[in-house]
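First comes the structure, then the notes that go with it.
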Amino acid sequence: MSIIPQDFYFEDTASVAKSLLGKTLHIKTTGKEQLARIVEVEAYLGIKDPACHTFGGRQTPRVKSMYLSGGHSYVYLIYGMYNCLNIVTRTEEHPEAILIRAVEPLPLAATFNKSMLVSNGPGKLCRHYGITKEHDGVALWRKNSPLYLSDDGFKVPKSQIAAKPRVGVDYAGEAAQWPLRFYIADNKFVSKK
DNA sequence: AGTGAGATGGCCT
DNA sequence: GGCCATCTCACTA
């Protein structure tokens, strides 16, 4: 179980997104530390991506964290009631990020039942783990942060990584078709569609 | 199974 | 004022 260093997040965003699959998220928002494996993500490619909050270089209060260096969190409120957790990538000049769409709670139970589906969606996982704007702009490579990531050696074969269009970005024109949603094929905790 | 609408509020034009 | 990187429940059949 090794913590993921900040420079992991400096590479190109789609590559980092794929590499994040299988990594472990540590959540200490509610006192006790909880673990979850990342199983679904989406890449948002900054200034040139019409689906991204920083499209065209927008610099608004909400997206301030996206202009931090890679490895920080970006948490925002959507639809007035759900928070979404992102991981910022690259540098201050490239405000790009990766949305965490679904995680698998750890340790994995021996038998599966549907009541375990508390984190199969970006809003659901934040609600379940108590992730809010309070956790916006956090350093995800530091063990004393309320959120951080580690690698426990879990491997996801390339052949098991699905790449599909992103969810809920139909307004983005052609970019809505870009295959920037990545997930572990056949994983039970991936969000619907 | 599949569709549709409501909740609910910050953010942006 | 309109739009959301969503989720859930009610309704149809």
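Letters A, B, ... mirror the listed sequences (proteins, then strands); counts begin at 1.
Atom-to-atom, CG of A:Leu125 to P of C:dT6 comes out at 12 Å; the value is rounded to the nearest Å. C:dC7 atom C1' lies 13 Å from atom CG of A:Leu117, rounded to whole Å. With rounding to whole Å, A:Lys133 atom NZ is found 15 Å from B:dG9 atom P. The nearest whole Å value for the distance from the CD atom in A:Glu42 to the P atom in C:dT6 is 7 Å. In this entry the distance linking NZ of A:Lys192 with P of B:dG2 reads 14 Å, nearest Å.
The main-chain N or O of A:Glu96 is never found under 3.5 Å from a side-chain atom of A:Thr13 such that the two would form a donor-acceptor pair. Using a distance-only test at 3.5 Å, with no hydrogens or angles considered, a donor-acceptor pair links the side chain of A:Gln6 to the main chain of A:Gly70.
Remark: the separation of the P atoms in C:dG2 and B:dG6 is 16 Å, to the nearest Å.
Surrounding CG of A:Asp186 are at most 12 heavy atoms belonging to other residues, nucleotides or ligands under 6.0 Å away.
Remark: B:dG2 base-pairs with C:dC11; criterion is Watson-Crick or G-U wobble with both hydrogen-bond distances under 3.5 Å. Base pairing annotation: C:dA5 forms no Watson-Crick or G-U wobble pair, as no partner gives both donor-acceptor distances under 3.5 Å.
Between the side chains of A:His26 and A:Ser150, a donor-acceptor pair is found at a separation under 3.5 Å. A donor-acceptor contact closer than 3.5 angstrom is absent between the side chains of A:Tyr9 and A:Glu11.
To the nearest 0.5 Å, the span separating CD1 on A:Ile38 from CG on A:Asn187 amounts to 12.0 Å. Note: A:His53 NE2 to A:Leu99 CG = 9.0 Å, rounded to the nearest 0.5 Å.
Map A:Arg127 and A:Tyr171 each onto its nearest nucleotide of DNA chain C; the residue landing nearer the 5' end is A:Tyr171.
DNA chain B lies under 4.0 Å from at least one heavy atom of each of the following residues of residues 53-71 of chain A: A:Arg58, A:Thr60, A:Pro61, A:Arg62. Annotation: proximity of residues 77-99 of chain A to DNA chain C (heavy atom, distance under 4.0 Å) is found for A:Ile78, A:Tyr79, A:Tyr82, A:Asn86, A:Leu99, numbered in ascending order.
Proximity of A:Arg166 to the phosphate of C:dT6: no side-chain N or O atom is located under 4.0 Å from OP1 or OP2.
Within the cation-pi definition used here (under 6.0 Å to the ring centroid, within 45° of the axis), A:Lys48 does not qualify as a partner of A:Phe55.
Ring centers of A:Tyr76 and A:Tyr74: under 6.0 Å apart, within the cut-off.
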